[in-house]
Amino acid sequence: MNNEEIAAIFDRIADLSEIKGEIIYKTLAYRKAADSIRNLGADVEAVQREGRLLDIPGVGKAIAEKIDELLTTGRLGFLEKLEQEVPPTLVDLLKVPDVGPKKAAMFWKQGNITTLGELEAAARAGRLRGLPGMGEKSEARILAGLEALARRSKRLSLGTALPIAERWAAWLRSLPGAERVEIAGSLRRRKITIGDLDFVAAARDPGPIMEAFIHHPEVQRIAGQGENKSSVEIAGGLNIQLWIQPPERFGTLLQFVTGSKEHNVRLRELAQKKGLSLSEQSISRADGSEDHFSDEQGVYAALGLPWIPPEMREDRGEIAAALAGKLPRLLNRVDLKAELHVHSTWSDGAVSIAEMAAAARERGLKVLALSDHSGSLGVAGGMSVEKLRERSLEIKALQAELGDSLRLLQGAEVEIRADGSLDYPDEVLAELDVVVASLHSSLRQPREQITARLLRAMRNPHVDIIGHPSGRLLPNREGADLDWEQVLAVALETGVALEINANPARLDLDEVYARRAAEMGIPLSLNTDAHAPDQLDLIEYGIGATRRAWLTPEQVINTWPPDKLLAWLAARGKGTA
DNA sequence: GCCGTTTTCGGCCCGACTGTTTTCAGTCG
């Protein structure tokens, strides 16, 4: 069983326990454990083998025993018993907006409703309004919620959500009286997939802005409206929230709506220990006095903390690090000097090498590796060995023109074949300055097979970087079922760099493994995989990914001074074999 | 169910919005 499967089981226990009416802190404990396991960056199974389950935050004796049982038997008696007591289909009801554990339990016990279908039938027949606490309006809300659920798409990828959000933010900023507007929520934290869009605004008089917001022409449904907070639904079932406070309270508001919820809970606990109470409005004291903050720095400072970058606010140890003065210096765009994975018309890129080089130079890069596809990836116009050598001449000629302004590297994105061999013979790989080896096909091989395949490629001494290691496509296609313990161990052993592919459909290596890899001392490489000049700007998404992984510039080879990077590549034996 | 230089027992964030059981519970972020 992998981490996600075990985490999903604990989330399920939490849902069912909540409906059953267990004390809320028990269910919170299961959710916390589920989150911790997802963020582990190591296989739970490996942690168990080392006898270190209790080191996982939020895992105590009871949950550790359940993990043991799951890993040993693949089953969990506790969950099976729980599913006897509470109809498992009730957890589906929790997905309906405005239906939580209390209502789900009431529908079940008072209305004999246990499935979404039964809930819809009862609502349509007007049978919900007779139940406790339910009236006509509540019944209509449930029906609207069921319809919204059916419309609602899966979570959006960051790359889809951010442009939509920027358009809305620009529109909100254009409204009279909107003094400040920011994108908040998981988008500001640069989470890889996005459930809904959150905006915060500063205004003296929120009324007109809220009115304009809920009457925006794209709004299809108003889910809620109030003085300080409104919520609407647009096409595709996408929900948008807007929060407004006066300018002097904008700092606490932005902090609150940025989240994450778990980070905010930790922060509020810290406030409590100092005798303070933190809310989206203010920081208050027991005597009723309160302080207001127009910016986030002030909020964190009042709690004795340095400002914590939004990408780190996931309750993964950032508050402890901030208290200890040990927040990492995260990566910024200006740190990047090299791009090591782009394509040109020599394979499936849109423009010539010269145009790509010009675009790289405009963006301040000092090193650019042309990494066109190797031969067998026919769909991507992969280069034969002959074409690769022709391209080499063109790169050399262009380098002569460019002089010192941009260092071009002879590179290739070499296909890792189904048996783990590489697409070019070793003597051809040896001619290259940089070799990116990637998996594109047969990603559904069983774990042992695809892991062995990747390890074999990593052990080829000519390979410098593993491109988009898992092969996942967000938001829906899962990556290969790799044994990450082995992948990381062999990366450390061979010194090969793991790519963080900046394309928002990939963001692969995943952040939890990127963080662990960096902690282990494995080099990482941040690249756009650009197939056209403007795709070099996708680097922003990749920077977000490195920041979510707590990476410092030193841990990412693309930030190194060109001489250091070239020396690293040379030391890996390129051009000398 | 977890956790601890304030506690091994007694805590475990805070407020907006909604609808209904007109004073509060449920849901959400």
Side-chain angles (χ1 to χ4, degrees), chain A residues 10 13-14 17-19 21-36 53-67 78 93-107 110 128-142 144-145 184-186 188-189 195-200 206 210 214 222-231 239-245 249 252-253 255-284 290 303 313 315 319:
Chain A
F10 288 132
I13 290 174
S17 303
E18 221 175 349
I19 294 169
E22 280 286 0
I23 54 167
I24 187 66
Y25 299 109
K26 234 185 220 194
T27 73
L28 286 174
Y30 282 109
R31 288 194 211 287
K32 166 71 184 159
D35 272 348
S36 277
L53 284 177
L54 293 173
D55 291 350
I56 301 173
V59 173
K61 190 163 168 288
I63 290 182
E65 280 172 6
K66 291 182 176 69
I67 295 174
F78 179 82
L93 269 52
L94 301 178
K95 296 188 202 121
V96 181
D98 301 317
V99 177
K102 299 284 170 45
K103 283 210 182 95
M106 186 275 289
F107 290 149
Q110 310 278 330
L128 288 185
R129 62 186 72 174
L131 294 170
M134 299 290 294
E136 278 184 46
K137 281 187 178 175
S138 297
E139 188 177 74
R141 270 183 92 82
I142 298 289
S186 51
R188 183 162 180 249
R189 302 198 312 275
D196 49 25
L197 309 185
D198 294 287
F199 298 93
V200 293
M210 280 300 182
I214 61 174
I222 300 170
Q225 60 184 111
E227 196 179 343
N228 300 313
K229 177 191 164 189
S230 293
S231 176
N239 266 77
I240 306 185
Q241 260 103 236
L242 174 63
W243 312 65
I244 306 179
Q245 290 286 336
R249 297 175 191 250
T252 39
L253 179 68
Q255 194 289 315
F256 168 70
V257 184
T258 297
S260 68
K261 181 177 166 62
E262 292 75 19
H263 172 86
N264 287 353
V265 169
R266 293 283 164 264
L267 211 54
R268 288 171 178 206
E269 285 172 359
L270 180 65
Q272 273 198 322
K273 285 185 190 147
K274 293 176 180 291
L276 303 170
S277 173
L278 169 65
S279 78
E280 61 264 49
Q281 306 223 7
S282 67
I283 291 179
S284 56
E290 58 179 43
L303 300 174
R313 300 181 195 169
D315 189 25
I319 291 175

Counting side-chain heavy atoms from CB outward, which of [options] is closest to [X]?
{"X": "Glu227(A)", "options": "dG19(B), dC17(B), dG15(B)", "answer": "dC17(B)"}
{"X": "Tyr25(A)", "options": "dG1(B), dG15(B), dG29(B)", "answer": "dG1(B)"}
{"X": "Ile63(A)", "options": "dG29(B), dG26(B), dC2(B)", "answer": "dC2(B)"}
{"X": "Lys261(A)", "options": "dC14(B), dG19(B), dG29(B)", "answer": "dG29(B)"}
{"X": "Lys102(A)", "options": "dG1(B), dT18(B), dG26(B)", "answer": "dG26(B)"}
{"X": "Asn228(A)", "options": "dC13(B), dC17(B), dC2(B)", "answer": "dC17(B)"}
{"X": "Gln281(A)", "options": "dG15(B), dG19(B), dG1(B)", "answer": "dG15(B)"}
{"X": "Val265(A)", "options": "dC13(B), dC17(B), dT27(B)", "answer": "dC13(B)"}

When we call it a touch if two heavy atoms are under 4.0 Å apart, what does [X] touch: a base, just sugar-phosphate, or nothing?
{"X": "Phe256(A)", "answer": "base"}
{"X": "Ser277(A)", "answer": "sugar-phosphate"}
{"X": "Glu22(A)", "answer": "nothing"}
{"X": "Ile23(A)", "answer": "base"}
{"X": "Glu18(A)", "answer": "nothing"}
{"X": "Asn239(A)", "answer": "nothing"}

Show the atom names and distances, to 0.1 Å, of all donor-acceptor pairs under 3.5 Å that link a side chain in residues 23-31 of chain A to residues at least two apart or in another chain.
from: Thr27(A); atom 1: OG1; to: Ile24(A); atom 2: O; distance (Å): 2.8
from: Tyr30(A); atom 1: OH; to: Lys66(A); atom 2: NZ; distance (Å): 3.4
from: Arg31(A); atom 1: NH1; to: Asp15(A); atom 2: OD1; distance (Å): 3.1
from: Arg31(A); atom 1: NH2; to: Asp15(A); atom 2: OD1; distance (Å): 3.2
from: Arg31(A); atom 1: NH2; to: Glu18(A); atom 2: OE1; distance (Å): 2.6

| query | Do Thr258(A) and Arg189(A) have side-chain heavy atoms sitting under 4.5 Å apart? | reply | yes
| field | For Phe256(A), ring-ring contact (aromatic ring centres under 6.0 Å, His included) partners two or more places apart | value |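 Once residues adjacent in sequence are excluded, the partners of Phe256(A) under the ring-ring contact (aromatic ring centres under 6.0 Å, His included) criterion are Trp243(A).
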| request: Once you apply the 3.5 Å cut-off to both distances, tell me the Watson-Crick or G-U wobble partner of dG29(B), or none. | output: dC14(B)
| Ion pair check, Glu269(A) and Lys274(A), cut-off under 4.0 Å |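 Looking at Glu269(A) and Lys274(A), the cut-off is not met.
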Under 4.0 Å: is that the gap between some side-chain N or O of [X] and OP1 or OP2 of [N]?
{"X": "Arg266(A)", "N": "dC13(B)", "result": "no"}
{"X": "Lys26(A)", "N": "dG1(B)", "result": "yes"}
{"X": "Gln272(A)", "N": "dC14(B)", "result": "yes"}
{"X": "Ser138(A)", "N": "dT18(B)", "result": "no"}

| query | Any donor and acceptor pair, going by atom type alone, linking the side chain of Lys103(A) with main-chain N or O of Asp98(A) inside 3.5 Å? | reply | yes
| query | Expressed as a whole number of Å, how far does the C1' atom of dC13(B) sit from that of dC28(B)? | reply |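 After rounding to an integer number of Å, I get 14 Å for this pair.
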